[in-house]
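Notes to accompany the following structure.
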Amino acid sequence: MSTHDTRPGSAGGADIAGPLHGGPDDDYTPEQLAAMSREELDLLGARYDGVEVLHVDPGPEPGSRLEKRAVRQVGWTWALAGLLAFAFLVVYIGSDWFLPDWHWAENDGDTWSTLFTPLLGLTMGLALTLVGVGLVLYTKKLLPHETAVQDKHDGSHFDRVTTGATLTSGYHNSGLARRKLLTRSLGFMGAGVGVMLIAPLGGLIKNPNKGNPLGQTSWSEGVRLVRDDGSPIRPGDQQPGSLETVFPAVPGGNRQSDAATMLIRLRPEQIAQDAPREGQEDFGYGDYVAYSKICTHAGCPVSLYEQETSRILCPCHQSQFDVTQGAKPIFGPATRSLPQLPITVDDEGFFVARSDYIEAVGPTYWNRERI
Amino acid sequence: MAATATAPGTPTTKIGKAALEVDDRLVVAGWTRRTLNKVFPDHWSFLLGEIALYSFIVLLLSGTYLTFFFDASMREVVYNGSYAPLRGVEMSAAYDSTLDLSFDVRGGLFMRQMHHWAALLFVASMVCHLLRIFFTGAFRRPRETNWFIGVTLLILSILEGFAGYSMPDDLLSGTGLRIMSAIILSIPVVGTWVHWAVFGGDYVGELIVGRLYIAHVLLIPAILLALIAVHLLILVKQKHTQFPGPGRTEHNVVGNRLFPTFAGKATGLLFIVFGVCAALGGLVQINPVWLWGPYNPAQVSSASQPDWYVMFLDGSSRLFPAWDLNLPGDYTIPALFWPTVLIAGIIFTLLLMYPVIERKLTGDTASHHLLQRPRDVPVRTSLGMMALSFYVILLISGGNDVVADKFNISLNAMTWIGRIGVIVVPPLVYVLTYRICLGLQMHDREVLEHGIETGVIRRLPHGEFIEVHQPLGPVDDHGHGQLAYGGAPVPKKMNQIGAARRAVRGFFSPIEEPSQVELEQRGEGRGLAAGEAGRELTSSGRPADGGRPQEPRD
C-alpha cells in the first residue's frame with residue numbers, strides 16, 4: 001500500500017483530521033497570524049494560557065547612559081567570571097607543571113601546597129558567583145519589567161464526571177464486582193507475590209540471642225591486661241592517681257569494641273573513701289581497680305579522668321562516674337555503673353583478669369538483665 | 001519580504017526551520033508556550049526552596065566525583081600516602097581512600113569539602129524553607145501533600161547526611177556510629193534484632209560502611225530525587241502561593257512570566273549557590289578527617305559534635321535525665337531511648353501531621369492560595385516559635401561542652417541550664433510571640449484608622465497642638481480611615497506612600513538628569529512637590545483624599 005493508493009479500503013490519501021481536532025488553529029488562520037506583530041503574537045499566546053500582561057516597565061532606553069552603564073556592569077562581571085575560570089584552570093593544571101607541587105608537604109615551607117585548595121575555591125567560587133550575579137544584573141537592569149497575572153483554575157466538574165465515567169465503566173466491564181472468585185484470588189495472589197518479593201530481605205535477619213554476644217567480651221580467667229602496644233603491666237608501673245587503657249592479651253584485643261578497660265591506680269585518700277559495689281569488694285587488686293571503658297549510656301569510650309574529684313567523664317553526653325563508688329554515675333544521662341573487671345596478678349607478677357565482666361558492658365538494651 | 005514567497009507564517013530563519021522540524025515530530029510548541037508563559041510570584045522568601053534544590057544538584061555532581069575514588073570497605077590496610085603523620089598506620093580501606101582522596105587526588109580535597117558544605121547548606125535551606133511555609137500558612141489546603149513530601153525529604157536528608165559523614169571511618173564518624181548503634185539497641189523488644197540486621201552482628205562488624213555507602217549513594221538519593229520531582233510537579237500544577245496585595249486574589253498569580261525574567265533570576269541563583277559552595281569548599285576547612293585519625297573503639301576526642309542537623313538529638317541525649325524504665329520480667333527500656341527515638345519520633349510526627357492538626361483545630365478546610373502574615377495568625381506563629389525555641393535549646397545543648405569550655409561555664413551548669421531552659425523557655429516564647437503578634441496587628445489597624453504620622457506638628461486656632469496624620473484612603477466625617485485590613489503590609493512611613501521622590505541613579509556621579517527624574521516623579525504623583533498644588537493649608541491637616549497605598553513590601 002502506498003500513500004497514493006486511493007482505492008476503497010485503503011487509508012492512503014484520505015487521512016484527514018477529525019472534527020474534534022479544533023482549537024485555536026480554527027480561530028486564527030495563518031494569514032491572520034502573519035499579519036500580527038511579534039508583540040501581539042506573544043500577548044495572544046499568553047492570553048490563551050490564561051496570562052494577562054498588565055504593565056510593562058520598558059528596560060533602559062537604547063543608547064542612554066543608564067543602558068550603557070548596565071551593559072558595562074553585566075559585561076565586566078561576565079568577563080571577570082571568564083577570567084577567574086581561566087585562573088582556576090591555570091592553578092589546577094599548572095600546579096606541578098610550571099607552578100610548584102600541590103601535594104601536602106610536611107614542613108610548612110612549601111606555600112603553594114597550602115594555597116592550592118583555597119585558590120581552587122576562590123577562583124571557582126568567584127567565577128560561578130559572578131556568572132550568577134551577571135545574570136541577575138541582566139534581568140534586573142536590562143530586561144523590561146512586566147507584571148503579569150495568570151488565572152488559577154479550580155477543578156472542572158465536567159472533567160471529574162467524564163473521567164469518573166471512564167474509570168467506572170472499565171471496572172463495570174471487568175465484572176469484578178460480580179466475579180467474586182476473581183477478586184478473592186486477586187487478593188490472595190497480591191499478598192503472596194508481595195510477601196514473596198520482600199522475603200529475601202530476611203537474609204539480613206540474624207539472631208542476636210545466639211550465644212551471648214552482647215554480654216561477653218574477650219576477657220576470661222588468666223588473660224593478661226596489656227597496653228595498646230601489647231606490653232603487660234606490673235603493679236609498680238603506674239603512679240597513684242593515674243589511668244591507663246588496657247586490652248585483653250588476645251589477637252586483635254586492642255581493636256575490639258567492647259574490651260577496652262581502664263586500669264586505675266587510686267591515691268591513698270581515694271582508697272580511704274573507696275566504696276565498691278556490693279559483692280565486688282575484692283574485684284580490685286591492692287590500690288588498683290579496673291573498669292570498662294565503654295560508657296553504659298551510648299557506648300562511647302569514657303576517656304576523661306579527673307583524678308582530684310575521682311570522676312570519669314564521657315565526652316559524648318557528659319555522663320560522669322565516680323571511681324571511688326564503684327564507677328557509679330553521678331551526673332548526666334547514664335544510669336548504670338561502669339562494669340568492674342575482677343583482676344589479680346599472675347605468677348610472673350603481671351596483671352591478669354580473674355574472669356570476664358560479670359555483666360554486659362556498653363549501652364543498655366531491652367533484655368540485658370535476662371542474659 | 002521573503003515571507004511572501006512561501007505560505008504565510010512559514011519560518012524563514014535557520015532556527016525557525018529547525019524548530020518547525022522538532023515540532024513536526026514532537027508537537028511541543030503548545031506545551032512549551034504554556035511553560036514559558038507560566039507566571040511566578042516574586043518574593044525573596046520563595047528562593048529558599050530553590051537554594052535547597054540547587055545545593056542538591058551540587059551534591060549530586062560533587063558526590064558522583066567522590067565515588068570515583070572512595071572505597072567503601074572496612075578491610076584493614078596500612079596507609080602509605082602523602083600525609084606523613086599517618087604513614088604506616090593501620091586503618092580501614094574507607095579511611096585510607098578518604099585520605100588519598102584528600103591528599104593524592106588533584107582537587108580532591110576541594111571537592112570533598114564542597115560536598116560537605118553543600119550538604120550543610122542543603123539541610124539548612126530546607127529548614128528555612130520549611131519555616132517560611134509554616135509561618136505563612138502555605139501548607140494549608142490544597143498543599144498538604146507537598147508539606148508531607150517536604151517533611152519526608154527533610155527526614156531522609158538528615159539520614160542521608162548521617163550516612164555520608166559516617167562513611168570515612170575516622171574517629172569522629174566512628175563515635176557517631178557507636179552512638180547510633182546504642183540508639184538502635186535501645187529500641188524496646190526489637191532493638192537487638194534491628195541492630196543485628198543493620199550491622200550484620202555485634203558492633204562494629206565489617207559490613208556497616210558498605211551498607212551506609214549503598215544507602216548514601218543509591219537508595220536515599222534515588223528516593224530524594226523522585227520525591228523532589230513530585231514536589232516540583234505538584235508545585236507547578238497547583239501554582240505558587242502569593243502574599244496578598246493589590247490585584248492579588250485566591251484565583252490568580254501576579255508576578256513574572258517564566259521566560260525570560262524568572263528563568264534569568266533562577267539561573268542566576270543557581271550559579272550563586274554553586275559559587276558559594278565552591279568558595280566554602282576551597283576556603284573554609286570542614287571535617288579534616290586526617291586530624292581525627294582512624295576509628296578506634298577505645299578512643300574519642302572531646303568536643304565530638306555531629307553535623308549541625310543531628311546536633312539537636314545529641315543535645316536531647318545530654319539533657320535527658322538518667323531514667324531507665326525497668327519492666328517486670330527484667331526487661332529494660334534504656335534512658336537513651338526517650339531522647340533519641342521517642343522525642344525525635346514525636347517531633348517529626350507532629351511536624352508531619354501539622355496541617356491535619358491545624359485543620360482539625362480551626363475547622364478551616366477551604367482552599368488557600370494567598371499567604372498569611374505571621375502576625376495575623378498569632379496562635380500558629382507562637383506555636384512555631386515555641387517549637388523553634390525548644391529545638392534551638394536542644395541544638396545548643398548538643399554543643400554545651402564547647403560552650404562551657406569557651407565561656408568558662410561549668411559543664412554541669414550548662415546541662416542544667418538546658419534541662420530547665422527546654423521546659424521553661426518555650427512557654428515564655430509562646431506568650432511573648434503572641435503579644436508581639438497582637439501588638440503588630442493593632443498597630444496596622446491604628447495606621448489604617450488614623451493614618452501615618454507625618455511628624456508635622458500644627459497649632460490649631462484655639463491653641464491645641466496636633467500631629468498631622470496622613471490617611472491611607474477615604475476617611476469618614478471624623479477623619480477615621482475606612483480602609484479594611486487586607487492581610488498585606490500597611491505602609492507606616494511617608495516615604496512608603498511616595499512622599500519622597502526616588503533617588504537619582506548613579507554611584508559616583510548621576511547618570512540621569514535630575515530634572516528628568518523630577519518630571520517623571522511628578523507625573524506619577526510622587527514627591528512633595530507633586531502634592532503642592534492640592535495642599536490645603538487651612539484645614540485641620542487631614543486632606544480628604546490621602547496618599548495612595550504603595551505596592552506592598554511583603
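Letters A, B, ... are given to chains in the order of the sequence lines, protein chains preceding strands, and every chain is numbered from 1.
- The parts of B/Ala84 that come within reach of chain A are both its backbone and its side chain, each placing non-hydrogen atoms under 4.5 angstrom from that chain.
- Checked for salt-bridge contact, B/Arg318 and B/Asp314 meet the test: a charged N lies under 4.0 Å from a carboxylate O.
- For B/Pro510, the part sitting under 4.5 Å from any heavy atom of chain A is the backbone (N, CA, C, O) and nothing else.
- Most heavy-atom pairs under 4.5 Å with chain B, from the set A/Pro208, A/Ser113, A/Pro144: that is A/Pro208.
- For the pair A/Arg69 and B/Phe508, the cation-pi criterion (under 6.0 Å, within 45° of the ring axis) is not fulfilled.
- No part of B/Arg87 comes within reach of chain A, as not one of its non-hydrogen atoms sits under 4.5 angstrom from that chain.
- Contact annotation for B/Val300: both backbone and side-chain heavy atoms come within less than 4.5 Å of a heavy atom of chain A.
- Only the side chain of A/Phe331 comes within less than 4.5 Å of a heavy atom in chain B; its backbone stays farther off.
- Between the side chains of A/Gln150 and B/Lys239, no donor-acceptor pair is found at a separation under 3.5 Å.
- For a residue to count as touching a neighbouring chain, one of its non-hydrogen atoms must lie under 4.5 Å from one of that chain's; by this rule A/Thr129 touches chain B with backbone and side chain alike.
- Neither the backbone nor the side chain of B/Gln285 comes within less than 4.5 Å of any heavy atom of chain A.
- In this structure, chain A has heavy atoms under 4.5 Å from both the backbone and the side chain of B/Phe507.
- Contact annotation for B/Ile184: neither backbone nor side-chain heavy atoms come within less than 4.5 Å of a heavy atom of chain A.
- Contacts of A/Val53 with chain B are made by side-chain atoms alone, with heavy-atom separations under 4.5 Å and no backbone atom involved.
- Of the listed residues (B/Glu512, B/Glu250, B/Gln299, B/Arg505), the greatest number of heavy-atom pairs within a distance under 4.5 Å of chain A belongs to B/Gln299.
- Under the 3.5 Å distance criterion, with hydrogens and angles disregarded, a donor-acceptor pair is assigned to the side chains of B/Arg112 and B/Ser102.
- Electrostatic pairing of B/Asp324 and A/Arg368 does not count as a salt bridge here, judged by no charged N lying under 4.0 Å from a carboxylate O.
- Within the 4.5 angstrom heavy-atom criterion, only backbone atoms of B/Tyr295 (N, CA, C, O) approach chain A.
- Classification of the B/Trp290-B/Phe103 ring pair by plane angle, with boundaries at 30° and 60°, yields perpendicular.
- Of all the listed residues (A/Cys314, A/Pro315, A/Pro301, A/Ser319), the one sharing the greatest number of non-hydrogen pairs under 4.5 Å with chain B is A/Pro301.
- B/Gln242 places no side-chain N or O within donor-acceptor distance of the main-chain N or O of B/Pro41, the cut-off being under 3.5 Å.
- Within the 4.5 angstrom heavy-atom criterion, only backbone atoms of B/Phe320 (N, CA, C, O) approach chain A.
- Using a 4.5 Å cut-off between heavy atoms, B/Ser301 touches chain A through its backbone atoms (N, CA, C, O) alone.
- For B/Asn296, the parts sitting under 4.5 Å from any heavy atom of chain A are the backbone and the side chain alike.
- For the 3.5 Å distance criterion, the side chains of B/Asn412 and A/Gln320 qualify, holding a donor opposite an acceptor.
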